[in-house]
Engineer: 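Take this structure, written in structure tokens, and hold onto it; I'll ask about it next.
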Amino acid sequence: MKPTLFIWTTILIGLFTIFNSAATTLSFQNSPQFSIENLKKSMEWFTAEPHPMGSKNQSKLAADLKQTLNQFGLLTSEIKFKATIPNTDSPQFGGLQKDAFLTKEVTGYNIVSTLKGKSDCSVLIGGHYDTKYFKDFKFVGANDGGSSTILMMELARVLKKTKFKENMLGSCNINFIFFDGEESVLPNWIDGENTLKLQDNTYGSRDFSNKLTKNKNGKFIFEKKPINLILIIDMIGHKNQELLITKGSHSDYSKSFIQSANKIKINEANFLMEDDHTPFLSLNIPLLHIIDWKNVEEWHTKKDTPDIISYEAIANFGESIIQFLSTKRI
């Protein structure tokens with residue numbers, strides 16, 4: 001290849017890469033209610049390809065997410081963090097690079113989108129938007145990661161059009177936190193600790209919780225407002241949806257949520273589990289963790305695809321959240 005031809009080829013490849021990786025704004029129906037069409041469109045976007053933390057696909061998805069939420073009129077930013085993760089290129093973890101180190105550093109992106117409220121308080125609504133890495137099959141995480149992500153996107157859009165009285169939860173700032181890196185890189189949740197003495201999970205929520213600060217009254221704050229409640233959701237879109245509020249959740253808020261939920265099955269569970277809520281448990285901030293841990297047949301398998309999703313169930317859960325936000329703060 002001639003040098004001149006090589007230079008132009010390099011330029012064209014670079015331009016293609018730039019345009020191909022540019023952020024895309026998703027288009028939505030501008031309805032005041034939850035839109036099934038919007039949820040389906042978001043799920044198609046989310047499940048197009050696997051996107052574990054640190055991958056190019058995840059960086060692109062983060063940019064799309066940020067741009068789309070900004071388009072809704074919410075103030076949206078990304079919080080970058082560095083994470084040391086198991087290196088799947090290492091032969092110890094099934095990789096083919098003989099000289100690869102056991103760990104590597106990647107960049108994660110927590111996406112934060114804020115809906116300004118009238119009251120001096122904040123409610124954090126969080127869930128993870130990464131998919132788990134699998135070497136042997138394509139895992140797109142329609143329920144595990146996808147369902148909570150598309151619900152939060154649509155909830156942000158709908159809440160932008162919703163008014164709340166001043167003493168209600170919904171009159172606080174509503175901060176949507178899309179966590180990167182909830183999933184472990186290695187097959188099992190505790191493999192990192194067993195093999196590397198490294199916590200291989202909840203990278204984004206741990207980084208976020210570690211950066212929270214207190215005001216002069218000793219209250220944890222976010223964007224200068226005291227945090228009244230943290231709501232963490234995961235795996236909420238299964239067609240046989242049965243939601244649970246896990247142990248460690250705030251008792252009064254749990255009861256209030258269940259009373260607000262007329263269209264969904266939801267109950268308190270008498271067991272603890274680890275998820276993106278875990279890093280916040282020690283902070284003494286009122287918290288709710290909601291998950292469907294009954295319909296797990298497809299969990300972490302190639303069957304976790306849009307075929308197992310009920311968009312009506314997701315919309316009903318979203319409406320329940322709005323009803324809950326319409327209750328008085330505790």
Side-chain angles (χ1 to χ4, degrees), residues 69 73-82 108-128 148 152 155-156 159-160 162-182 199 202-234 245-260 268 272-290 320-330:
L69 291 165
L74 279 72
L75 182 63
T76 306
S77 60
E78 65 181 22
I79 302 177
K80 292 184 182 181
F81 61 92
K82 296 293 184 181
Y109 301 90
N110 287 336
I111 305 299
V112 178
S113 194
T114 300
L115 183 61
K116 293 289 186 180
K118 297 179 291 184
S119 300
D120 185 28
C121 52
S122 61
V123 173
L124 275 53
I125 301 177
H128 75 96
S148 55
M152 288 167 59
L155 181 61
L159 283 178
K160 180 70 175 173
T162 307
K163 304 295 182 183
F164 296 97
K165 294 180 180 179
E166 196 156 345
N167 63 343
M168 295 177 175
L169 274 169
S171 69
C172 301
N173 273 12
I174 307 296
N175 303 105
F176 295 93
I177 320 293
F178 297 82
F179 294 118
D180 203 352
E182 184 269 347
Q199 185 173 348
T202 60
Y203 293 94
S205 53
R206 283 190 286 124
D207 182 83
F208 184 88
S209 67
N210 287 337
K211 291 174 179 174
L212 288 177
T213 59
K214 293 181 179 180
N215 62 14
K216 60 183 180 180
N217 298 319
K219 297 273 191 179
F220 279 101
I221 58 174
F222 187 67
E223 296 180 346
K224 300 181 179 180
K225 293 202 173 189
I227 301 171
N228 186 273
L229 174 69
I230 300 175
L231 169 61
I232 303 295
I233 59 176
D234 197 3
I245 302 177
T246 62
K247 192 173 181 179
S249 295
H250 190 276
S251 177
D252 290 339
Y253 273 137
S254 296
K255 291 178 174 60
S256 178
F257 196 103
I258 291 170
Q259 290 171 2
S260 303
E268 291 182 275
L272 285 166
M273 66 181 302
E274 294 186 55
D275 201 351
D276 274 323
H277 68 296
T278 306
F280 300 98
L281 286 173
S282 63
L283 303 185
N284 201 30
I285 302 171
L287 179 148
L288 289 179
H289 175 238
I290 300 178
S320 298
I321 292 176
I322 293 178
Q323 290 299 314
F324 172 65
L325 292 174
S326 301
T327 62
K328 289 184 179 181
R329 296 192 297 276
I330 298 172

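Because only heavy atoms are used, hydrogens play no part in the values below, and waters and symmetry mates are left out as well, while side chains stay in.
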Engineer: Using 0.5 Å steps for rounding, measure from the OG atom of Ser251 to the CD1 atom of Ile330.
Structural biologist: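 With rounding to 0.5 Å, OG (Ser251) is 9.0 Å from CD1 (Ile330).
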
Engineer: Counting C-beta onward and ignoring hydrogens, is there a side-chain heavy-atom pair between Leu272 and Thr246 closer than 4.5 Å?
Structural biologist: no

Engineer: Check salt bridge (charged side-chain N to carboxylate O under 4.0 Å, His left out) between Lys211 and all other residues, then give those that pass, not counting sequence neighbours.
Structural biologist: Asp207

Engineer: Distance check, rounded to the nearest 0.5 Å: Ile285 atom CD1 versus Lys219 atom NZ?
Structural biologist: 10.0 Å

Engineer: Nearest 0.5 angstrom please: Thr76 OG1 to Phe176 CZ, how far?
Structural biologist: 10.0 Å

Engineer: Measure the spacing between CD1 of Ile125 and CD1 of Ile233 and express it to the nearest 0.5 Å.
Structural biologist: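 Answer for the CD1-CD1 pair, Ile125 versus Ile233, is 7.5 Å.
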
Engineer: Under 3.5 Å, side chain of Asn110 to main-chain N/O of Gly204, donor-acceptor pair present?
Structural biologist: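 At least one qualifying donor-acceptor pair exists.
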
Engineer: About how many Å separate CG of Leu231 and CG of Asn175, when rounded to the nearest 0.5 Å?
Structural biologist: 12.5 Å

Engineer: To the nearest 0.5 Å, what is the distance between CG (Leu229) and SG (Cys172)?
Structural biologist: 9.0 Å

Engineer: Got a donor-acceptor contact below 3.5 angstrom from the Lys118 side chain to the Phe164 backbone?
Structural biologist: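 Such a contact is found between Lys118 side chain and Phe164 backbone.
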
Engineer: Using side-chain heavy atoms (C-beta onward) and a distance below 4.5 Å, is Thr327 in contact with Ser260?
Structural biologist: yes

Engineer: Keeping the roles fixed (side chain from Tyr203, backbone from Phe81), state whether a donor-acceptor pair exists under 3.5 Å.
Structural biologist: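 Not a single qualifying donor-acceptor pair exists.
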
Engineer: Surrounding CG of Asn284 (heavy atoms of other residues, nucleotides or ligands, distance under 6.0 Å), is the total greater than 12?
Structural biologist: no

Engineer: When you measure from the side chain of Lys225 to the backbone of Asn173, do you find a donor-acceptor pair of N or O atoms at a distance under 3.5 Å?
Structural biologist: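 Judged by distance alone, no pair lies under 3.5 Å.
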
Engineer: Without swapping roles, check the side chain of Arg329 against the backbone of Leu169 for a donor-acceptor pair under 3.5 Å.
Structural biologist: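 No, Arg329 side chain to Leu169 backbone: no donor-acceptor pair under 3.5 Å.
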
Engineer: Could you verify whether a donor N or O on one side chain and an acceptor N or O on the other, from Thr202 and Asp276, lie under 3.5 Å apart?
Structural biologist: no

Engineer: Does any non-hydrogen side-chain atom of Lys255 lie less than 4.5 Å from one of Glu268?
Structural biologist: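 Contact flag for Glu268/Lys255 side chains = yes.
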
Engineer: Looking at side-chain heavy atoms only, is the closest gap between Phe208 and Phe280 below 4.5 Å?
Structural biologist: yes

Engineer: Does a donor on one side chain and an acceptor on the other come within less than 3.5 Å for Glu223 and Thr114?
Structural biologist: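 Looking only at side-chain atoms, Thr114 and Glu223 do form a donor-acceptor pair, the distance falling under 3.5 Å.
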
Engineer: Is it the case that the side chain of Ser256 and the backbone of Asp252 share a donor-acceptor pair, with hydrogens and angles ignored and the cut-off at 3.5 Å?
Structural biologist: no

Engineer: Check the angle between the aromatic planes of Phe324 and Phe257 and answer parallel, tilted or perpendicular using the 30° and 60° thresholds.
Structural biologist: tilted

Engineer: Between Asn215 and Asn217, is there a donor-acceptor pair closer than 3.5 Å when you use the side chain of the first and the backbone of the second?
Structural biologist: yes

Engineer: Report yes if some heavy atom in the side chain of Ile227 is under 4.5 Å from a heavy atom in the side chain of Leu212; otherwise report no.
Structural biologist: yes

Engineer: Do Ile230 and His277 have side-chain heavy atoms sitting under 4.5 Å apart?
Structural biologist: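 No - every pair of side-chain heavy atoms lies 4.5 Å or more apart.
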
Engineer: For Ser326, what residues pass the side-chain hydrogen bond (donor to acceptor under 3.5 Å, both in side chains) criterion, not counting sequence neighbours?
Structural biologist: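 None.
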
Engineer: For Ile174 and Leu155, run side-chain contact (heavy atoms from CB on, under 4.5 Å): C-alpha distance rounded to whole Å, both residues' side-chain angles, the deciding distance at 0.1 Å, then the answer.
Structural biologist: CA-CA 11 Å; Ile174 307 296; Leu155 181 61; over 6 Å; no

Engineer: How close do Gly73 and Lys160 get, counting heavy atoms only, and between which atoms?
Structural biologist: O-NZ, 3.3 Å

Engineer: Give me the one residue out of Asp234, Asp275, Thr278 that meets side-chain hydrogen bond (donor to acceptor under 3.5 Å, both in side chains) with His289.
Structural biologist: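 Result for side-chain hydrogen bond (donor to acceptor under 3.5 Å, both in side chains) with His289: Asp275.
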
Engineer: For a quick test of reading the model, state the closest non-hydrogen atom pair linking Gly248 to Leu281 and the distance between them.
Structural biologist: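 For Gly248 versus Leu281, the nearest heavy atoms are O-CD2, 4.0 Å.
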
Engineer: Strictly distance-based, threshold 3.5 Å: is any side-chain N or O of Ser171 a donor or acceptor partner for the main-chain N or O of Glu166?
Structural biologist: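 Confirmed, Ser171 side chain pairs with Glu166 backbone.
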
Engineer: To check you understand the geometry: which heavy-atom pair defines the closest contact between Tyr109 and Asp180, and what is its length?
Structural biologist: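 The answer is N-OD2, 3.0 Å.
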
Engineer: Taking the side chain from Asn228 and the backbone from Ser122, do they hold a donor-acceptor pair closer than 3.5 Å?
Structural biologist: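 Here the side-chain-to-backbone pair does not exist.
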
